[in-house]
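Report on one structure; see the data block that follows.
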Amino acid sequence: MNHYIAAACFVLVNACTTISMEDSFQSKGIELAAVELSCPKEQLVAQVLQRAAHCAGSRMSVSGCSKKVVYICLFSGEWTQVREFWPGS
């Protein structure tokens, strides 16, 4: 019985503390994109390319100031650039 109670508590706590991929990117990735693209974050447009069950493996495209970059979410919850695109390339 105690195992069921512990499992239910675990599920409830994780459901409340899990943030969406978009929220994760807005809180961690958009600042990184602004620096890497040398572009104010207000001018950046983010688009979901791939949504994973959790953040890890999800991909976001960010464009702004005539540049575009793709980020992937790591298992740590951090975002890292995977490739960069330049207009005309």
Side-chain angles (χ1 to χ4, degrees):
M1 180 70 159
N2 287 338
H3 289 74
Y4 293 116
I5 293 171
C9 290
F10 178 78
V11 169
L12 289 173
V13 168
N14 282 330
C16 293
T17 59
T18 301
I19 62 171
S20 73
M21 180 202 54
E22 290 87 350
D23 289 342
S24 171
F25 189 79
Q26 288 301 320
S27 69
K28 298 178 181 180
I30 202 73
E31 295 288 337
L32 180 62
V35 170
E36 291 182 345
L37 294 175
S38 299
C39 188
K41 66 180 181 178
E42 297 78 24
Q43 294 182 26
L44 298 177
V45 177
Q47 177 184 7
V48 176
L49 295 178
Q50 179 179 357
R51 186 181 308 276
H54 298 286
C55 183
S58 296
R59 294 186 315 137
M60 296 286 289
S61 168
V62 182
S63 58
C65 299
S66 301
K67 300 175 189 170
K68 184 175 180 181
V69 68
V70 175
Y71 290 91
I72 189 167
C73 187
L74 305 174
F75 285 102
S76 65
E78 297 299 313
W79 291 86
T80 189
Q81 181 178 330
V82 290
R83 67 177 170 249
E84 194 166 311
F85 298 94
W86 299 96
S89 62

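Here the structure is a predicted model, which is why all the values come from computation and not from measurement.
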Step by step, work out the side-chain contact (heavy atoms from CB on, under 4.5 Å) result for Lys41 and Gln26.
CA-CA 10 Å; Lys41 66 180 181 178; Gln26 288 301 320; over 6 Å; no
Any Leu32 side-chain heavy atom under 4.5 Å of Lys28 side chain
no
Just so I know, are the side chains of Gln47 and Ser63 near enough to count as touching, which here means a heavy-atom distance under 4.5 Å?
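The answer is no; the side chains never approach within 4.5 Å.
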State which residues pass side-chain contact (heavy atoms from CB on, under 4.5 Å) with Ser76; sequence neighbours excluded, sorted by chain then number.
Leu74, Glu78
Applying side chain to side chain contact (heavy atoms under 4.5 Å, CB included) between Met60 and each of Ile30, Val69, Val48, report the one that passes.
Val48
Please name the residue in the list Leu44, Val70, Val45 that meets the side chain to side chain contact (heavy atoms under 4.5 Å, CB included) test with Val62.
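That would be Leu44.
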Considering non-hydrogen atoms only, spot the tightest contact between [X] and [Y] and give its length.
X: Ala52; Y: Ala56; answer: CB-O, 3.2 Å
X: Trp79; Y: Ser24; answer: NE1-OG, 3.1 Å
X: Gln43; Y: Cys65; answer: OE1-SG, 3.4 Å

Relative to the ring of Phe25, is the ring of Tyr71 parallel (under 30°), tilted (30 to 60°) or perpendicular (over 60°)?
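Aromatic pair Tyr71/Phe25 classed tilted.
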Using the rule given for side-chain contact (heavy atoms from CB on, under 4.5 Å), can you reason through Cys39 versus Lys67, listing the C-alpha separation, both sets of side-chain angles and the distance that settles it, and then say yes or no?
CA-CA 9 Å; Cys39 188; Lys67 300 175 189 170; over 6 Å; no
